[in-house]
Chemist: 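Handing you this structure, nothing more for now.
Each ligand, and each atom within it, is numbered from 1 in the order the structure gives. If you're wondering where the values come from, they're calculated on a predicted model, not measured in any experiment.
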Amino acid sequence: MTDSSNLASDRELVRSLIRDVPDFPSPGVVFRDVAGVLGDGAGFQAAIRGLATVASQLGEFDLVAGMEARGFMFGAPLATLLGVGFVPVRKAGKLPPPVLGATYELEYGSATLEVRDGTIPDGAKVLVLDDILATGGTAAAGVDLLHRAGADVVGLVFLLEIEALAGRDRLVGHEVHALLT
Ligand SMILES: O=P(O)(O)OC[C@H]1O[C@H](OP(=O)(O)OP(=O)(O)O)[C@H](O)[C@@H]1O
Ligand SMILES: Nc1ncnc2[nH]cnc12
């Protein structure tokens, strides 16, 4: 099989494992549940392999950064596969000082993310990874934090982009790729 047919079959498998849950966590939201991908050995491998293929469009990078919690679940295995380090962008109150913080709105609420200040080498090339791009609030906050921490963000990769919510409009000036839309 060629790489493109592998990517197509990986996409198909991963798509089949994502479940749509209406009205969760609040009325009107269709929650895209990726737990089925994590729980299936072949599906999880297909997801990480597919993300690596998509990420290869961004050229070289030194680190993968993922947003807590689901960005950790896909970002850390991706970093391991690619042989680069991982930067955890955490929900507020989990990291010891010094930290940089950013508060943001997402599809169903608001939250604060933090990153350790002084741990990213100045100018390090960082790929930002998360499972879902919805409104883009989380991703934009992550990019802002990583810039403030000294990173050169080379682009963003998502498992699934919910195009109707136009999250990439919040990420203008950055390369954005998704395994699935
Ligand atoms: O594009 P947005 O509208 O910002 O939404 C996308 C974010 O929402 C989810 O995280 P959530 O905050 O629910 O946290 P979790 O990863 O801990 O489940 C998802 O994992 C993304 O990080
Ligand atoms: N619709 C959705 N499904 C899963 N995670 C999300 N994060 C933000 N919106 C989401």
Chemist: Evaluate the side-chain proximity of D62 to V84: yes if any heavy-atom separation is below 4.5 Å, no if none is.
Modeler: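 Side chain of V84 against side chain of D62, heavy atoms only: no contact under 4.5 Å found.
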
Chemist: Say whether V154 and M67 are linked into one hydrophobic cluster, either directly or through other cluster members, by side-chain heavy-atom distances under 4.5 angstrom.
Modeler: no

Chemist: Taking salt bridge (charged side-chain N to carboxylate O under 4.0 Å, His left out) as the test, write out the residues that go with D40, two or more places apart.
Modeler: none

Chemist: Measure from the ring center of F86 to the ring center of F72 and say whether it is less than 6.0 Å.
Modeler: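 Yes; F72 has its ring centre under 6.0 Å from that of F86.
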
Chemist: Need the list: ligand 2 N/O atoms against protein N/O atoms, distance under 3.5 Å, rounded to one decimal.
Modeler:
from, atom 1, to, atom 2, distance (Å)
ligand 2, 1 (N), V30, O, 2.9
ligand 2, 1 (N), E107, OE1, 2.9
ligand 2, 3 (N), R32, N, 2.8
ligand 2, 5 (N), R70, NH1, 3.1
ligand 2, 7 (N), Y108, OH, 3.1
ligand 2, 9 (N), E107, OE1, 2.5

Chemist: Applying side-chain contact (heavy atoms from CB on, under 4.5 Å), run through F24 and Y108 and close with a yes or a no.
Modeler: CA-CA 9 Å; F24 181 84; Y108 40 68; over 6 Å; no

Chemist: Any protein N/O atoms within less than 3.5 Å of an N/O atom in ligand 1? List the atom names and distances, or say none.
Modeler:
from, atom 1, to, atom 2, distance (Å)
ligand 1, 1 (O), A134, N, 2.9
ligand 1, 1 (O), T135, N, 3.0
ligand 1, 1 (O), G136, N, 2.8
ligand 1, 3 (O), E107, N, 3.0
ligand 1, 3 (O), T135, N, 3.0
ligand 1, 3 (O), T135, OG1, 2.6
ligand 1, 4 (O), G137, N, 3.4
ligand 1, 4 (O), T138, N, 2.8
ligand 1, 4 (O), T138, OG1, 2.6
ligand 1, 13 (O), R70, NH2, 3.1
ligand 1, 13 (O), Y108, OH, 2.5
ligand 1, 14 (O), K91, NZ, 3.0
ligand 1, 16 (O), A69, N, 3.0
ligand 1, 16 (O), R70, N, 3.0
ligand 1, 17 (O), A69, N, 3.2
ligand 1, 17 (O), K91, NZ, 3.0
ligand 1, 18 (O), R70, NE, 2.9
ligand 1, 18 (O), R70, NH2, 3.0
ligand 1, 20 (O), D131, OD1, 2.6
ligand 1, 22 (O), D130, OD2, 2.5

Chemist: Can E60 and K125 be counted as an ion pair, charged N to O under 4.0 angstrom?
Modeler: no

Chemist: Which residues, ordered by chain and number, are linked to V99 in its hydrophobic cluster, where ILVMFWY side chains connect at heavy-atom gaps below 4.5 Å, directly or through other members?
Modeler: L95

Chemist: So, R32 and D20, do they make that salt bridge, N to O below 4.0 Å?
Modeler: yes

Chemist: Any Lys/Arg nitrogen of E68 or K91 sitting under 4.0 Å from an Asp/Glu carboxylate oxygen of the other?
Modeler: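 Not counted as a salt bridge, because no side-chain N and carboxylate O are separated by less than 4.0 Å.
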
